[in-house]
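No hydrogens, no waters, no symmetry mates; every other heavy atom, side chains included, goes into these values. Because the structure is predicted, anything quoted here is derived from the model rather than measured. Numbering of ligands and ligand atoms starts at 1, following listing order.
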Amino acid sequence: MRYRSTRSEQPTHSLSEAMSAGLAPDGGLFVPERLPQELPRMPESVDAQPAADRVAHALRTLTPFFTGDVLQPQLEDIVAEAFSFELPLRFIEPQTALLELFLGPTAAFKDVGARFLASCLSRLNADASKPLTILVATSGDTGGAVASAFWKRPGVEVFVLYPKGRVSKRQELQLTTWGENIRAFEVEGDFDDCQRLVKAAFQDQRWRQAKRLSSANSINIGRLLPQMVYYVIASHRAQAHWGQSPNFVVPTGNLGNALACVLAKRIGAPIGHIHMATNRNDAVVRYLRDGAVEPQPAQATLANAMDVSAPSNLERLQHHEPNLESLRSFVSASAVNDAQIRAQIEQWGAKDVLLCPHTACGMHARAELQPEPTVVVATAHPAKFEQVVEPLVQKAVPLPASLEAISTRTGRCETIAPALEAFSKAAL
Ligand SMILES: *Cc1c(COP(=O)(O)O)cnc(C)c1O
């Protein structure tokens, strides 16, 4: 299997090359030259969830995408590392289940993609004379998942940049308590300043001579592919439970998670209708309605990991589903506002089902859909957003063990002015 840019016809890259590059040289996103058609049949034991089953499903799903790649012989070890935590399906109503993707080290679904990419890039660089330096600008969540995933991995180092005073205490601990090959830079500015510094470093002669630079943001194909695996597993389990293919509702920001669901369906997973639930940043809703997206500034919402005005994976969705009519035949989308998010958290909290604000968007959308068997994707643990959730449910949200472990550690970061000179002086 070869990979090409969404902006070119030529399959120029192997998967390893595409993962190492991140973005295609022409500014497009990497996509496989074709989608494998027949998903191999799944084993019957989809009810229990031992690690060996997850690995088996992951291998079946991902092997066609790794065919001919230098990493193919190591794929079994890679998926064992990436899928080391459970992905439970929790049936909360006769026709509704939550797919809980937040049992990883930083308690959000991004752990799956980040850990998979880390496993791949570390293997590709373990013997290099100079480590690969991954630059990440983060507004909170992504940086933690990436730092945790790459921690202590040979052949790679991570520089995380985050805006001083603009991430929550818990998020800050997830960025700053690692040490070893992870360095945290607190930037005296906002998230845009952090992104600007990363871009400037990539273009700077001194940085390019001193470091081998790469990125691990969510447009990397190495984060997208493994996300298909949990849709394959969950759709089979839900089908076994309900006796029919389930619909999915996916909380959506940059469109990575929902696109993985679309691709899982395309390669043969038993998935019915797919609904994308955005917060008030409704670019995807407008795209499905109008076939185009007029740019609008991002609005701050309670579901802040989905505060995205221009979803970068839209270019991939258009590549895989160029015909809007056929896309609309199995995909829909709706926007959810903060009052509706609060109402869902409160309502379900009363039934002892704790939702993070992103999952609450999904649950609101689900309530307005047909009463058919539906899986709603739970993207983060509610304890990550305790300032929102606790006042609404009027009780403390217990910390998962992974976040508990971090909460007693002390963080360390380097504070820098929002200028490349300052970043270079501290980092090079
Ligand atoms: C990143 C994130 C999302 C949005 O996922 P996309 O792949 O960007 O659409 C939703 N919920 C949480 C908790 C996230 O961290």
Side-chain angles (χ1 to χ4, degrees), residues 29 98-117 136-149 167-168 170-171 174-175 191 216-228 230-231 248-264 274-285 287 298 301-317 331 333-336 341 344-345 354-365 376-386 388-389 400 403:
L29 308 187
L98 282 177
L99 172 56
E100 297 184 333
L101 300 180
F102 50 66
L103 298 184
T106 69
F109 81 92
K110 289 191 177 73
D111 282 328
V112 172
R115 287 167 67 80
F116 189 87
L117 183 65
V136 206
T138 185
S139 55
D141 263 7
T142 302
V146 170
S148 151
V167 300
S168 76
R170 265 178 207 167
Q171 282 177 329
Q174 287 178 46
L175 299 170
F191 173 58
N217 53 24
S218 65
I219 50 139
N220 195 305
I221 185 84
R223 285 181 54 180
L224 180 65
L225 296 179
Q227 291 177 175
M228 288 187 301
Y230 47 72
Y231 290 108
F248 277 78
V249 175
V250 188
T252 296
N254 220 3
L255 205 47
N257 204 2
L259 179 63
C261 187
V262 170
L263 295 182
I274 298 166
H275 187 86
M276 304 176 182
T278 70
N279 59 25
R280 287 187 55 207
N281 298 283
D282 63 349
V284 180
V285 182
Y287 174 71
T301 75
L302 293 176
N304 60 18
M306 309 193 320
D307 290 351
V308 177
S309 60
S312 36
N313 274 302
L314 190 57
E315 188 165 330
R316 273 202 183 105
L317 181 67
V331 172
S334 62
V336 180
I341 291 173
Q344 286 295 319
I345 294 174
L354 298 179
L355 306 174
C356 88
H358 313 82
T359 310
C361 289
M363 288 302 289
H364 177 87
V376 177
V377 179
T379 52
H381 194 289
K384 282 194 98 164
F385 299 89
E386 85 283 4
V388 177
V389 176
L403 299 187

Distance filter under 4.0 Å to M306 heavy atoms, resulting ligand 1 atoms: 3 (C), 4 (C), 10 (C)
A303 backbone acceptor or donor facing N279 side chain under 3.5 Å: yes
Protein heavy-atom partner closest to atom 9 (O) of ligand 1 - residue, atom, separation in Å: G253 N, 2.7 Å
Verdict with supporting geometry, K384 and T106, side-chain contact (heavy atoms from CB on, under 4.5 Å): CA-CA 9 Å; K384 282 194 98 164; T106 69; 4.3 Å; yes
Atoms of ligand 1 close to G256 [distance to a heavy atom under 4.0 angstrom, numbered from 1]: 6 (P), 7 (O), 9 (O)
Protein residue, atom and distance nearest to atom 6 (P) of ligand 1, heavy-atom basis: N254 N, 3.5 Å
Proximal atoms of ligand 1 relative to D141 (non-hydrogen, under 4.0 Å): 15 (O)
T252 neighbourhood, listing ligand 1 atoms whose heavy-atom distance to it stays under 4.0 Å: 9 (O)
Distance from atom 7 (O) of ligand 1 to nearest protein heavy atom, with residue and atom: N257 N, 2.9 Å
Audit row: T142, S218, side-chain contact (heavy atoms from CB on, under 4.5 Å) steps and yes/no: CA-CA 8 Å; T142 302; S218 65; over 6 Å; no
Shortest protein contact, atom 11 (N) of ligand 1 (heavy atom only): T379 OG1, 2.8 Å
No-hydrogen, no-angle side-chain donor-acceptor test under 3.5 Å, N313 and R316: yes
Which residue and heavy atom of the protein sit nearest atom 1 (C) of ligand 1, plus the separation: K110 NZ, 1.4 Å
R170, CZ: over 12 other non-hydrogen atoms inside 6.0 angstrom: yes
Contact atoms of ligand 1, heavy-atom distance to A380 under 4.0 Å: 13 (C)
Y231 side chain near V377 side chain, heavy-atom distance below 4.5 Å: yes
Atom 5 (O) of ligand 1 [closest protein heavy-atom partner, distance rounded to 0.1 Å]: F109 CZ, 3.4 Å
N281 and T301: CA distance, side-chain angles, deciding distance, side-chain contact (heavy atoms from CB on, under 4.5 Å) verdict: CA-CA 8 Å; N281 298 283; T301 75; 3.8 Å; yes
Interatomic spacing from CG in L255 to CG in L224 - rounded to 0.5 Å: 9.5 Å
